[in-house]
Colleague: 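Have a look at this one.
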Amino acid sequence: MVNLGVIDACRINENDLFKHDWRSRSKVQVLQYIFLKWTLAFLVGLLTGLIATLINLAIENIAGYKFLAIVGFIKEERYLSGLVFFTGVNFVLTLVAAVLCVCFAPTAAGPGIPEIKAYLNGVDTPDMFGATTLLVKIVGSIGAVSAGLDLGKEGPLVHIGSCIASLLGQGGPDNYRLKWRWLRYFNNDRDRRDIITAGCSSGVCAAFRSPVGGVLFALEEVATWWRSALLWRTFFSTAVVVVVLRAFIEICNSGNCGLFGTGGLIIFDVSDVKVSYQAMDIIPVIIIGIIGGLLGSLYNHLLHKILRLYNLINQKGKLHKLLLALSVSLFTSVCQYCLPFLAQCKACDPSFPEVCPTNDRSGNFKQFNCPDGYYNDLATLLLTTNDDAVRNIFSSNTPSEFQYTSILIFFTLYCILGLFTFGIAVPSGLFLPIILMGSGYGRLLSMLLGSYTNLDQGLYAVLGAASLMAGSMRMTVSVCVIFLELTNNLLLLPITMIVLLIAKTVGDSFNPSIYEIILELKGLPFLDANPEPWMRNLTVGELANAKSPAVTLSGVEKVSRIVDVLKNTTHNAFPIVDQDVLVPGTVVTGATELHGLILRAHLVQALKKKWFLAEKRRTEDWEVQEKFNWVELSERELKIEQVAVTHDEMEMYMDLHPLTNTTPYTVVESMSVAKAMVLFRQVGLRHMLIVPKYQGAGVPAVVGILTRQDLRAYNILTVFPHLATH
């Protein structure tokens, strides 16, 4: 279990310093701030596009030379030497990726999307967006994908885009951070969250060359809070990515990219599919959707079991992590090399639009071990990169290209590999394994239906891939747009929508999406969008009574009391309550004032700055502004153990009023937990104060304070188990 931080994802602390800073900004400074937001969005798109191009070029060339060497061994009938070479190269590439993840950046393993989703929900995983993580993710993705493992670079690209955005927003890595004043304005949770959302969209766009799909992916799958201004900036970032990718495709078309060819940047292009369907074709489309939902939920269930097993293995140490990754690599390589020998050679048809047979780096009709004039259809799918495998199985107008047994072997193999590859200690994405499985069963279904359908077999493969993505990931709108942008054919829209809606509905009736399952396994306190029905039977006041009482501080508090509270509690915020206050505009005295909420980080910062007073009094505005500025209060790294306070200073006082957020969100103790949870999640809160329903002498100003951990269903049921039966 990792130590998790909680971010104040949507709000800005409106204390006196922030208000003064905002009032003092000129129109020019406000325009500069807006301009810099757009500049960062441009840089995120530019760098994500460049790095995606680099990754694609490296993978295509490394894998290309590997497969050309294999062709040489096969031509000479040195089959065993070819197996040793193929397995050895893949073993070394996997070893590089695994060693980097295990020894240097454990957070770089996996897709990174669940952690990004949790971050944008308000949970910060340490070292998730660091420079080391970024570098390991880039190199590790190249190694793992080049090794032929059943994983894609799509998930890692989303993480890479988010890392780039985070590093740009904070001015670089922690140890070498730029201290430019204008950059420090972005050192708050809301702006950092916005730019990471743009990075996430850019990553999806770089993976699929789908700008609108990238924006919708961030909106539908990862982002918890959304604003119209953020929509424009993320769309701008994805537009920049597309321009960069388009420019490099033009350069590579002239032959300046080695073995790049048409691969890599174009994951799959089925724009030449001739779509013509009748009313009766809706029946097989519905069947595809139902099968996709069933298979997707089954895949989630089995992967959940395997990931729990992998967690037990990985907990045993670094060596076990490496051995697990290398074992999967060996199994994958042996299967990919040996299984094509089971396939029967097929004669080349003169009507084929491509050269047949071919021994080049890529191609739809690989000769492998077949005589001249024949090709091995299973080698075409297995002895190539995953991108080319998808492109080949999606190929249109080739109803007799693949044999039934070859597609069955392909589908079975990738179902097994899809379950056992995800979870090893290398950067990996779920998109491509699911697309490979889905396209396999889609093509199988079209072969079974035969003359009963008018739809092209390649189109069935596309619909199968879309349905399995909806059945496992439970995405609909973004997947629909991504496939629409890839196929470049609006006629696909109606049947794609039907498939996605049916698959998601069927999958939802069995289990959660795969990303929600991973979030649960990682122990990330993710708040769901919809509260449990039984939460309406519990009030926040009852929930607060089950906790220890809230720790409050006075507006002018003794230093010793503050140090004691910080050292002996783990709370990240404390209500500021003043007694015997004169109510403004009246002659009423002796009132109790809830002044606001102060963060632990701000208290530690004040102790570090020696914000001490010899007497108990409130400070003037000029005193505070001389000592602090609003930007400094955004620093969160300091711990109370790092601050030294002398015995004499312990007897002094601190005025906490200027550092207190005077506009905290409060709810009445009679509010239901369900309603409070919706408010907490939609507004993006870190803390929520509970105030009493009745006012009067002796009634505390604050009944309690709620955090996201208090609102998680599991934690509530631990205290109130009887609610589960309602």
Side-chain angles (χ1 to χ4, degrees), residues 8 13-20 544 547-584 589-630 632-664 666 686-687 689-692 697-705 707:
D8 210 354
N13 274 290
E14 295 183 355
N15 52 37
D16 292 348
L17 286 167
F18 170 78
K19 292 173 184 175
H20 171 76
K547 297 176 58 182
S548 56
V551 179
T552 62
L553 297 172
S554 299
V556 181
E557 188 62 84
K558 205 169 185 179
V559 174
S560 58
R561 159 80 173 153
I562 295 171
V563 173
D564 180 65
V565 165
L566 291 175
K567 286 187 175 180
N568 295 312
T569 68
T570 57
H571 306 319
N572 280 308
F574 305 92
I576 300 299
V577 179
D578 286 331
Q579 305 291 341
D580 300 324
V581 177
L582 172 66
V583 179
T589 58
T592 301
E593 177 195 2
L594 173 58
H595 188 74
L597 194 69
I598 190 165
L599 296 178
R600 168 182 283 267
H602 293 175
L603 289 172
V604 176
Q605 191 74 240
L607 289 171
K608 179 192 174 187
K609 286 259 189 181
K610 305 293 182 183
W611 175 240
F612 303 145
L613 303 170
E615 56 189 22
K616 189 174 182 179
R617 66 176 179 87
R618 292 191 66 159
T619 52
E620 302 293 334
D621 289 347
W622 62 268
E623 294 180 87
V624 185
Q625 290 156 19
E626 276 188 356
K627 197 77 173 179
F628 296 97
N629 63 63
W630 173 72
E632 284 178 331
L633 292 181
S634 60
E635 301 293 339
R636 299 284 175 87
E637 290 81 9
L638 204 60
K639 302 284 188 291
I640 181 61
E641 291 76 17
Q642 299 171 280
V643 179
V645 183
T646 66
H647 178 73
D648 291 338
E649 289 170 340
M650 286 286 195
E651 300 302 315
M652 301 178 79
Y653 295 90
M654 288 174 59
D655 181 14
L656 305 180
H657 293 101
L659 310 179
T660 302
N661 176 15
T662 56
T663 58
T666 60
R686 183 179 179 185
H687 304 96
L689 294 179
I690 306 171
V691 296
V699 178
V702 179
V703 174
I705 184 168
T707 65

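Any value given below was found using the heavy atoms of this structure, including those in side chains, with hydrogens, waters and symmetry copies removed.
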Colleague: Going by side chain to side chain contact (heavy atoms under 4.5 Å, CB included), name the residues that satisfy it together with Thr570, two or more places apart in sequence or in a different chain.
Modeller: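 Partners of Thr570 by the side chain to side chain contact (heavy atoms under 4.5 Å, CB included) criterion come out as none, since no residue qualifies.
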Colleague: Where do Pro575 and Val702 come nearest, in terms of heavy atoms and distance?
Modeller: CB-CG2, 4.0 Å
Colleague: So, does Trp611 use its side chain to make a donor-acceptor pair with the main chain of Asp655 at under 3.5 Å?
Modeller: yes
Colleague: Less than 3.5 Å apart, which donor and acceptor atoms pair up between the side chains of residues 558-567 and the rest of the protein, not counting sequence neighbours?
Modeller:
unit_1	atom_1	unit_2	atom_2	d
Lys558	NZ	Glu651	OE1	3.1
Arg561	NH2	Thr552	O	2.8
Asp564	OD1	Asn568	ND2	2.6

Colleague: Is the shortest heavy-atom distance from the side chain of Phe612 to the side chain of Met654 under 4.5 Å?
Modeller: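 Of all side-chain heavy-atom pairs linking Met654 with Phe612, at least one is under 4.5 Å.
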Colleague: Lys608 side chain to Gln642 main-chain N or O, any donor-acceptor pair under 3.5 Å?
Modeller: no
Colleague: Is there side-chain contact between Gln605 and Leu659, with heavy atoms separated by less than 4.5 Å?
Modeller: no
Colleague: What are the two closest non-hydrogen atoms of Ala550 and Gly704, and how far apart are they?
Modeller: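 Where Ala550 meets Gly704 most closely, the heavy atoms are CB-CA, 4.1 Å.
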Colleague: Just to verify, what does Val583 make a side chain to side chain contact (heavy atoms under 4.5 Å, CB included) with, not counting sequence neighbours?
Modeller: Thr586, Val588, Ala591
Colleague: Please list all pairs meeting salt bridge (charged side-chain N to carboxylate O under 4.0 Å, His left out) that have one or both residues in residues 571-584, counting only residues at least two apart or in different chains.
Modeller: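 Qualifying pairs: none.
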Colleague: Grab the two heavy atoms, one from Leu613 and one from Arg617, that are nearest each other, plus how far apart they are.
Modeller: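 That would be CD1-O, 3.4 Å.
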Colleague: Could you give the distance from CD1 (Ile598) to CD (Glu557), rounded to the nearest 0.5 Å?
Modeller: 10.5 Å
Colleague: Residues in side chain to side chain contact (heavy atoms under 4.5 Å, CB included) with Pro692, at least two apart?
Modeller: Glu669, Gln695, Val699, Val703
Colleague: Among Thr662, Asn661, Thr660, which one satisfies side-chain contact (heavy atoms from CB on, under 4.5 Å) with Ile576?
Modeller: Thr660
Colleague: Any non-hydrogen side-chain atom of Phe574 less than 4.5 Å from a side-chain atom of Leu656?
Modeller: no
Colleague: Would a 4.5 Å heavy-atom cut-off, applied to side chains only, mark His687 and Thr707 as touching?
Modeller: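 The answer is yes; the side chains approach within 4.5 Å.
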Colleague: Could you list the residues that satisfy salt bridge (charged side-chain N to carboxylate O under 4.0 Å, His left out) with Glu649, not counting sequence neighbours?
Modeller: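 Glu649: salt bridge (charged side-chain N to carboxylate O under 4.0 Å, His left out) contacts with Lys610.
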Colleague: Taking Arg618 for the side chain and Val556 for the main chain, is one N or O donor matched with an acceptor at less than 3.5 Å?
Modeller: no
Colleague: Do Leu597 and Ile705 come within less than 4.5 Å of each other through their side chains, counting heavy atoms only?
Modeller: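 Counting from C-beta outward, Leu597 and Ile705 do come under 4.5 Å.
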